[in-house]
Amino acid sequence: MTPTRAASSRIPVRVCVLATLLVALIAAFLTPGRAAAASLQEVTGFGTNPGALRMFRYVPDGLPAGRPVVVALHGCRQNAAGYGTGSGWLQLADRWGFSVVLPQQQSANNASSCFNWFQSGDIARGQGEAASVAQMLDRQIADTAGDASRVYVTGLSAGGGMTAVMMAAYPEKFASGGIVAGLPYGCAQAAGSPYVCMYVGATQTPKQWGDRVRAARPGHGGPWPTLVAFQGTADYTVKPVNMTDLMRQWTDVHGADQSADVSDTVAGYPHQVFRDTAGRAVVETYSITGMGHGQPVDPGTGSEQCGSAGAYVLDVNLCAAYRMGRAWGLG
């Protein structure tokens, strides 16, 4: 079939438009210095790695020097990529401008891919998994020229237990920690078993809890990291008593009492703030009514929303990563 004259006259116009679009696309991809979209990258050779962990990191495109660093530790049966995306930390890194270090456990170390927060050889300064995470952080700060005074550590469940480890064993490296459904430092040793710690808790006074932290870094005069903690009231894997014990542990470390200075609600959930003698918020807790074992998220594009629901990542209309980030001044 031969085109009519009118149709024929439109063909060069269409060709011209298509050619222009093609040239624009080629130019966009060939422009010198154009960076590909940021993605999770594995880093090797970050130190002696005595804990035999893997290191992943996320650095937003064009991130300038001097930006904060967040270390995010996944829970059991999770991995770095899934936790980074599900929790909302990668989303917030793009929104607010910071880099993320995502350690990953290996099945050879733990069959359920849990960080070994309960093993004495993995929770002491200079040893095992704790030392591996510290080496990852050092590498990240060096590579990105990150702000060493604005480094934060957070994690879910076993990752929350390892977060307490990093806060206790390497307090000089972290300004604050965020623990979700996690455990106090030294809980397995205090309870005599990680399972007793998880399901029952350990009988310790605030001072005894605090002494365990102080013993992890002998001679450290401070400052100590502050704490933001989240816990589901219907969590039967890590019982809510563990958040109470975290509060007791870290208020004692900071020389604060165990009476909340602020008791209110956030997104309908009970929220408390504990201040030291100088009036500084040193411990903050969120009790997520009816939530089971997992990371609270609030999927969406709103200013306070982040994360995506999945296994052990629970949509409860409150994003823990956002709340931590605001408390830490990242937003």
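Each of Arg54, Glu129, His74 was compared with Gln105 under the side chain to side chain donor-acceptor pair (under 3.5 Å) criterion, and only Glu129 meets it. For the side-chain contact (heavy atoms from CB on, under 4.5 Å) with Leu73, the lone residue among Val165, Thr154, Val153, Leu156 that qualifies is Val153.
When the side-chain hydrogen bond (donor to acceptor under 3.5 Å, both in side chains) test is applied to Glu284, the partners found at least two apart in sequence or on another chain are His271, Tyr286. In this structure, the ring-ring contact (aromatic ring centres under 6.0 Å, His included) partners of Tyr152, at least two apart in sequence or on a different chain, are Trp328.
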Tell me, with the steps shown, if Gln78 and Ser113 meet side-chain hydrogen bond (donor to acceptor under 3.5 Å, both in side chains). CA-CA 7 Å; Gln78 293 181 319; Ser113 297; over 6 Å; no
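A donor-acceptor contact closer than 3.5 angstrom links the side chains of Tyr83 and Gln295. Remark: the Gln204 side chain and the Arg212 side chain contain an N/O donor-acceptor pair separated by less than 3.5 Å. No side-chain donor from either of Thr285 and Gln231 sits under 3.5 Å from a side-chain acceptor of the other.
Between the side chain of Asn242 and the backbone N or O of Cys197, at least one donor-acceptor pair lies under 3.5 Å. Looking at Thr237, its side chain never comes within 3.5 Å of a backbone N or O of His293 through a donor-acceptor pair. Under the 3.5 Å distance criterion, the side-chain polar atoms of Arg67 are matched with a main-chain donor or acceptor of Trp96.
One finds a salt bridge joining Asp252 and Arg214 here, because a Lys/Arg side-chain nitrogen approaches an Asp/Glu carboxylate oxygen to under 4.0 Å. Salt-bridge annotation for Glu42 and Arg57: absent, with no side-chain N of the basic residue lying under 4.0 Å from a carboxylate O of the acidic one. Salt bridge status for Asp143 with Arg139: present, with a side-chain N to carboxylate O gap under 4.0 Å.
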